[in-house]
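Values below: all heavy atoms of this structure, side chains included; hydrogens, waters and symmetry mates excluded. In listed order, ligands and their atoms are each counted from 1.
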Amino acid sequence: MTSLAGLSILVVGASGGLGSAIARILAEEGALLTLHGRSEEKVRALDLPGTFVNSDLRDAGSDSELVNAALDAHGQLDGVINAAGVVAFGPVADVNDETMGTLFAVNTFGPMRLLRAARPALLESAAAKRDPFFLTLTGIVSESPTANMAAYSASKAALAAFGQAAGRELRRDGIRFVDARPGHTETGLATRPVAGTAPNMPTGFNPAEVARRIVDGIINGERDLPSGAFSPQPAA
Ligand SMILES: NC(=O)c1ccc[n+]([C@@H]2O[C@H](COP(=O)([O-])OP(=O)(O)OC[C@H]3O[C@@H](n4cnc5c(N)ncnc54)[C@H](OP(=O)(O)O)[C@@H]3O)[C@@H](O)[C@H]2O)c1
């Protein structure tokens with residue numbers, strides 16, 4: 001793939017720190033965007049070109065809502081970026097069932113269902129030689145599960161394992177599965193946990209630089225973006 005111009009790309013979590021930074025670069029590259037968030041106001045405030053879709057990944061049916069929004073708007077779907085997710089902190093003894101359920105519903109089952117729903121459209125894109133992709137952002141915790149983030153790490157490691165296996169199947173179909181695993185990035189995610197409180201953390205990566213690296217990986221045909229692919233450039 002050398003250009004994203006004219007490709008239809010669904011950005012799930014476009015209202016978030018990384019999703020919005022990725023969507024901005026995709027728009028500059030000429031992609032046709034379908035932008036997801038749970039608040040239309042928040043997505044419109046980004047002032048990015050694209051169709052808005054509201055969906056909660058915890059809901060059964062969110063997968064087809066998202067895919068259909070992209071197909072209705074652009075008639076094709078060539079790429080999916082899943083940049084939605086939630087975090088929780090705290091020792092295992094304090095992690096309750098509701099927190100575990102939310103982490104797995106949003107971080108794991110939502111993207112798994114989304115891949116299943118997107119596959120037929122991505123197969124059509126592959127048949128048309130548009131080099132389709134499905135990208136997730138599991139993060140460094142799926143390589144190095146982290147104390148006081150055990151349930152979050154597990155939800156991400158489960159998605160990473162799903163992606164590795166699914167990626168082998170999809171490769172035969174001409175669909176590229178990419179798992180991006182940056183370290184801590186200054187999006188404010190850690191200030192919005194569904195449970196617990198974030199520990200003090202060193203300054204993380206700049207979201208715009210992480211987003212640029214991810215979009216470059218897509219354009220360059222990379223099949224994996226491990227933590228080492230993100231150079232240690234702290235936020236300004
Ligand atoms: N920041 C980091 O340090 C870091 C590092 C590695 C990987 N990641 C991963 O990268 C992804 C993006 O993180 P971020 O830092 O950009 O976080 P963020 O700024 O908090 O954005 C999170 C996004 O997820 C959406 N979301 C949350 N709950 C949802 C639900 N139930 N249904 C649908 N969407 C939901 C949010 O939508 P609303 O705007 O409607 O809330 C928002 O768009 C996450 O999966 C995160 O785990 C982050």
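In terms of protein heavy atoms, atom 31 (N) of ligand 1 is closest to Asp56 OD1, 2.9 Å. Annotation: atom 48 (C) of ligand 1 to nearest protein heavy atom, Leu189 CD2, 3.7 Å. Closest protein heavy atom to atom 11 (C) of ligand 1: Ala83 O, 3.5 Å. Atom 27 (C) of ligand 1 has Arg38 NH2, 3.5 Å as its closest protein atom, hydrogens excluded (heavy atom only). Nearest protein heavy-atom contact of atom 18 (P) of ligand 1 is Arg192 NH2, 3.4 Å. Protein heavy atom nearest atom 34 (N) of ligand 1, with residue, atom name and distance: His36 CE1, 3.3 Å. With hydrogens left out, the protein atom closest to atom 16 (O) of ligand 1 is Leu18 N, 2.8 Å, a heavy atom. For atom 21 (O) of ligand 1, the closest non-hydrogen atom on the protein side is Gly16 CA, 3.3 Å.
The shell of residues lying under 4.0 angstrom from ligand 1, judged by heavy atoms, includes Ser55. Ligand 1 has at least one atom lying under 4.0 Å from a heavy atom of Pro182. Between Phe205 and ligand 1 there is no heavy-atom distance shorter than 4.0 Å. Using a 4.0 Å cutoff on heavy atoms, Val87 does not count as a contact of ligand 1. The shell of residues lying under 4.0 angstrom from ligand 1, judged by heavy atoms, excludes Ala105. Under the 4.0 angstrom criterion for non-hydrogen atoms, Glu186 is not in contact with ligand 1.
Of the N or O atoms in Gly85, one or more lie within a sub-3.5 Å distance of an N or O in ligand 1. Between Ser39 and ligand 1, not a single N/O pair is under 3.5 Å apart. Note: no N/O pair closer than 3.5 Å links Ala14 and ligand 1 by distance alone.
Every atom of ligand 1 with a heavy atom of His184 under 4.0 Å away is listed here by number and element: 3 (O). Short contacts between ligand 1 and Val86, defined as distances under 4.0 Å to a heavy atom of the residue, involve ligand atoms 27 (C), 28 (N). Below 4.0 Å from some heavy atom of Lys156 lie the following atoms of ligand 1, by number and element: 44 (C), 45 (O), 46 (C), 47 (O). When each atom of ligand 1 is checked for a heavy atom of Gly183 under 4.0 Å away, the hits are 3 (O), 5 (C). Listed by number with element, the atoms of ligand 1 under 4.0 angstrom from any heavy atom of Arg58 are 31 (N). When each atom of ligand 1 is checked for a heavy atom of Gly139 under 4.0 Å away, the hits are 6 (C), 7 (C). Against a heavy-atom cut-off of under 4.0 Å, Lys42 is close to the following atoms of ligand 1: 38 (P), 39 (O), 41 (O). Counting atoms of ligand 1 from 1 in the listed order, those under 4.0 Å from a heavy atom of Gly13 are 43 (O).
Counting heavy-atom neighbours within 6.0 Å of Asp97 CG, excluding the residue itself, gives a total of 12 or less. Counting non-hydrogen atoms of neighbouring residues, nucleotides and ligands closer than 6.0 angstrom, the CZ atom of Arg171 reaches no more than 12 such neighbours.
Between the side chains of Asp179 and Thr136, at least one donor N or O sits under 3.5 Å from an acceptor N or O.
Contacts with ligand 1 closer than 4.0 Å are made by side-chain heavy atoms of Tyr152 only, the backbone lying farther away.
With distances taken over non-hydrogen atoms, the option nearest atom 32 (N) of ligand 1 out of Ile140, Asn107, Leu57 is Leu57. Among Thr185, Thr138, Leu137, Leu159, the residue whose heavy atom lies nearest to atom 9 (C) of ligand 1 is Leu137.
Using cut-offs of 30° and 60° on the angle between ring planes, the pair Phe162 and Phe177 is perpendicular.
Side-chain contact between Glu40 and Arg38 is absent, with no heavy-atom pair separated by less than 4.5 Å.
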- Message: Glu65 vs Arg113, test: salt bridge (charged side-chain N to carboxylate O under 4.0 Å, His left out). Steps then yes/no.
- Response: CA-CA 11 Å; Glu65 273 170 19; Arg113 287 198 305 255; over 6 Å; no

